[in-house]
Amino acid sequence: MISNYEIARIFGQIADLMEVREDNPFKVRAYRKAAETIEGLTESLEAIASRGELEKIPNIGKAIAEKIGDICRTGTTPLYEELRAKVPAGLVEVMAVPGIGPTKVRALREALGVTSIEELETAGREQRIRGVQGMGAKTEENILHAIEAHRRRSDRWPLGKALPYAEGLAASLAERLGSLRIEVLGSIRRRVETIGDIDLGAVSTEPEKVMDAFVSLPHVKEVLVSGPASTRIRTNEGIQVDLRVSRPEDFGFLVHHFTGSRAHNIRLREIAERRGARISEYGIFEAGTDRELTTGEEEGEVYRFLGLPDIPPEIREDRGEIEAAQSGSMPVLIEADDIRGNLHSHTTWSDGAVSTEEMAAAARKRGHSYIAITDHSKRLGITNGLDEERLRAQMAEIDRLNAAATDGFRILKGSEVDILPDGTLDLDPALLAELDFVVASIHSGFKQDIETMTARMIHAMESGVVDMIAHPTGRLLGARDPYAIDLDRIYDAAVATQTALEINAFPDRLDLNDVNARRARDRGVKISINTDAHHPDHLGLYFYGIATARRAWLTAPDVINTWGLPDLMRWLEKRRG
DNA sequence: GCCGTTTTCGGCCCGACTGTTTTCAGTCG
């Protein structure tokens, strides 16, 4: 079994290798587009291939479909192997150095025999680059600088770090200039789970003034690009920030353009072209002329011009949203206000920061009408996990608190029970059956093989007492890969046993992620979005869970904790048979 | 290599900035 992710990686590498060889750039783009499309697919390519429907996927034609078949059968495809045999491994990395593309790679290789970053650096130190046709001392200096930056470039930032940082940067700039409309755009605005760089857009009729203020911010380590329309800096923290400025009447086009994604924008421009129009960050123009066809302070003008409904930023990935807009079947995406209660939270009974009563008060304050208290079970000793006796005591406490409540708010008795390596649960199932809401999750034995792990989780779902699986893949962004698990089989088991799967809203989890959650919902799985709160403030993390759900195209009815308490209890009763 | 409400062949998004040019190619997003 080979995952879509791995297949997409191979096509991405084919594109890289072909680019180094200066093959037809449109062919390179075709492979790259295929890789991007595959990454966004919610069904496994193997399943699609077994139905013979690969060529129905956009950007997959006869040739790439055949190669997908090769990869499913053998793990690779002849083209990939040929390219790897012909192209020195180091060249792809040389091209990854900012400022070096296919042409410079070839020039450097032909003139200096450079086939790796190390050789490139040596050539630069020995001042041999400046002798190459089309390159001077400045280029040589830039290359050496770029290699250094490339080596210590910071990894992608999780959204939970990038968004507050970008908003702080925008606020600092706005403060320096008095009042200024400035927006965080790019992948942050689309709420992508990790961010490579930050895009800002500002409204001003004096762009030079804005750019001057921007490059003099204390955050700035170096200025990478500097022009009247566009400035790029690197901050002390090592992340790149682009700033674009527009006059007010065209700001909507700038916002739209730099929100992206690129793939989404390209599709829109193709649609515009068929209507004789050209879309750019400056506006919508008659094709081949500079005659502006419309102005727009707000980005919605782009969609209005094309006769489409607004498309939310979170789903602008060319993953079917344009077709949905054209056919009038845009989903009404879930919003933060739809959440009625949190079904995964911790207290001082295990590793939480506050008491049951305080956590419930925090949920009330947010306007929720219920909360499930789901402390850890005994196996997780480090969290002071509850055994049967302490769980009974906590249940009694919750009964007392509920009896004293006068506003209809309800605390649900729950547990986050460990799924042990053999698939059994860490607490007596008879006791778990007395709870209102049982969360089960994996916190150990991450190295089990895919078959064992999948069977282990399914066994837990088939226990009859588990209502939801928390953070189903166990990944920690930037820290721990997901464990090996066959999610398609998990989804099928979740439907068969009517077990919900979680979108865990913690910014370093976001698990299930966008693509997996969309796939799960499409297979009929019920989703629950939870903060996994260990502190009252963590209830604010719903922002990230909702962002992930919106990127997964989820609507409120897909998510069980958007339901009122009576509907939720009815569903729980029914699923427990 | 993919695609099609002008097309099964001939296209393939659009614009900014930099450096090395002497009017533009390369790279990037």
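A note on names: the letters A, B, ... follow the listed sequences, proteins ahead of strands, and every chain is numbered from 1.
Comparing B/dA16, B/dT18, B/dG1 by their closest approach to the side chain of A/N24 singles out B/dG1. Distance from the side chain of A/S230 is smallest to B/dA16 among B/dC12, B/dT18, B/dA16. Side chain of A/D199, nearest nucleotide from B/dG1, B/dA16, B/dG29: B/dG29. With B/dA16, B/dC17, B/dT27 as the choices, the nucleotide that has an atom nearest any side-chain atom of A/V225 turns out to be B/dC17. Side-chain proximity of A/E281 to B/dC2, B/dA16, B/dC12: nearest is B/dA16.
Within the nucleic acid shown, A/E270 comes within 4.0 Å of sugar-phosphate atoms alone, with no base atom in reach, counting heavy atoms only. Residue A/R278 is in sugar-phosphate contact alone, with no base atom involved, counting any heavy-atom pair closer than 4.0 Å across all strands shown. Across all strands, A/L268 comes closer than 4.0 Å to no nucleic acid atom at all (heavy-atom distances). Across all strands, A/V132 comes closer than 4.0 Å to no nucleic acid atom at all (heavy-atom distances). Among the atoms of the strands shown, only primed sugar atoms or phosphate atoms (P, OP1, OP2) are found under 4.0 Å from some heavy atom of A/R232. Using a 4.0 Å heavy-atom criterion, one finds that A/Y31 contacts the sugar-phosphate atoms exclusively. Counting non-hydrogen atoms under 4.0 angstrom, A/P98 reaches the backbone sugars and phosphates but no base. No contact: A/K33 has no heavy atom under 4.0 Å from any strand.
The C1' atoms of B/dT22 and B/dT18 are separated by 16 Å, rounded to the nearest whole Å. When the C1' atom is used for both B/dG26 and B/dT21, the distance is 12 Å, rounded to whole Å. Separation of the C1' atoms belonging to B/dT7 and B/dC2 is 14 Å when rounded to the nearest angstrom. Across B/dA25 and B/dT20, the matching C1' atoms stand 9 Å from one another, rounded to whole Å. Comparing the P positions of B/dT23 and B/dC28 gives a spacing of 25 Å, expressed to the nearest Å. B/dG1 and B/dT5 are spaced 24 Å apart, taking the C1' atom of each and rounding to whole Å. With P as the reference atom, B/dG4 and B/dT8 are 13 Å apart, rounded to whole Å. Separating the C1' atom of B/dC17 from that of B/dC12 is a span of 24 Å, rounded to the nearest Å.
Pair assignment for B/dT8 gives none, since no Watson-Crick or G-U wobble pairing has each distance under 3.5 Å.
Atoms CD (A/E22) and P (B/dA25) sit 15 Å apart, rounded to a whole Å. Per the geometry, CD1 belonging to A/I100 stands 18 Å off P belonging to B/dT18, to the nearest Å. If you take CE of A/M211 and P of B/dA16, they are 12 Å apart, rounded to a whole angstrom. Atom CZ of A/R244 is separated from atom P of B/dC28 by 15 Å (rounded to the nearest Å). Atom-to-atom, CG of A/D318 to P of B/dC2 comes out at 16 Å; the value is rounded to the nearest Å. As rounded to whole Å, 13 Å separates atom P of B/dG15 from atom CG of A/D250. Atoms NZ (A/K27) and C1' (B/dC3) sit 16 Å apart, rounded to a whole Å. As a whole-Å value, the separation of A/I143 CD1 from B/dT18 C1' is 13 Å.
In terms of phosphate contacts, A/Y282 brings a side-chain nitrogen or oxygen within less than 4.0 Å of OP1 or OP2 of B/dA16. The phosphate of B/dT20 (OP1 or OP2) has no side-chain N or O of A/R130 nearer than 4.0 angstrom. Residue A/T103 places at least one side-chain N or O under 4.0 Å from the OP1 or OP2 atom of B/dT27.
Remark: A/R51 pairs with A/E43, A/I48, A/E53 by the side-chain contact (heavy atoms from CB on, under 4.5 Å) rule, at least two apart or across chains.
In summary, A/R151 and A/E121 engage in a salt bridge, as defined by a charged side-chain N under 4.0 Å from a carboxylate O. Classification of A/R130 and A/E140 as a salt-bridged pair holds, one side-chain N sitting under 4.0 Å from a carboxylate O. Taking the charged nitrogens against the carboxylate oxygens, A/R316 and A/E321 have no contact shorter than 4.0 Å, which rules out a salt bridge.
Take the nearest nucleotide of DNA chain B for A/E273 and for A/F258: the residue whose nucleotide is more 5' is A/E273. Both A/I64 and A/V105 sit near DNA chain B, but only A/I64 has its closest nucleotide nearer the 5' end.
Both tests pass for A/R84 against the ring of A/Y80: distance under 6.0 Å to the centre and angle within 45° of the axis.
In summary, the aromatic rings of A/H256 and A/Y303 are positioned with their centroids under 6.0 Å apart.
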*Does the pair A/E281 and A/S246 meet the rule for a side chain to side chain donor-acceptor pair (under 3.5 Å), with working shown?*
CA-CA 9 Å; A/E281 61 265 51; A/S246 156; over 6 Å; no
_Step-by-step salt bridge (charged side-chain N to carboxylate O under 4.0 Å, His left out) determination, A/D492 to A/R489_ = CA-CA 5 Å; A/D492 289 345; A/R489 282 171 60 200; over 6 Å; no
*Audit row: A/S50, A/E46, side chain to side chain donor-acceptor pair (under 3.5 Å) steps and yes/no*: CA-CA 6 Å; A/S50 69; A/E46 285 192 325; over 6 Å; no
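Pairs passing the salt bridge (Lys or Arg N to Asp or Glu O under 4.0 Å) check and including a residue from residues 93-104 of chain A, sequence neighbours excluded, do not occur.
Taking a 4.0 Å limit (strictly below) on heavy-atom distances, residues 134-142 of chain A reaches DNA chain B at A/G134, A/M135, A/G136, A/A137, A/K138, A/T139, A/N142.
For B/dT5, the glycosidic angle deviates from 0 by more than 90°, giving an anti base.
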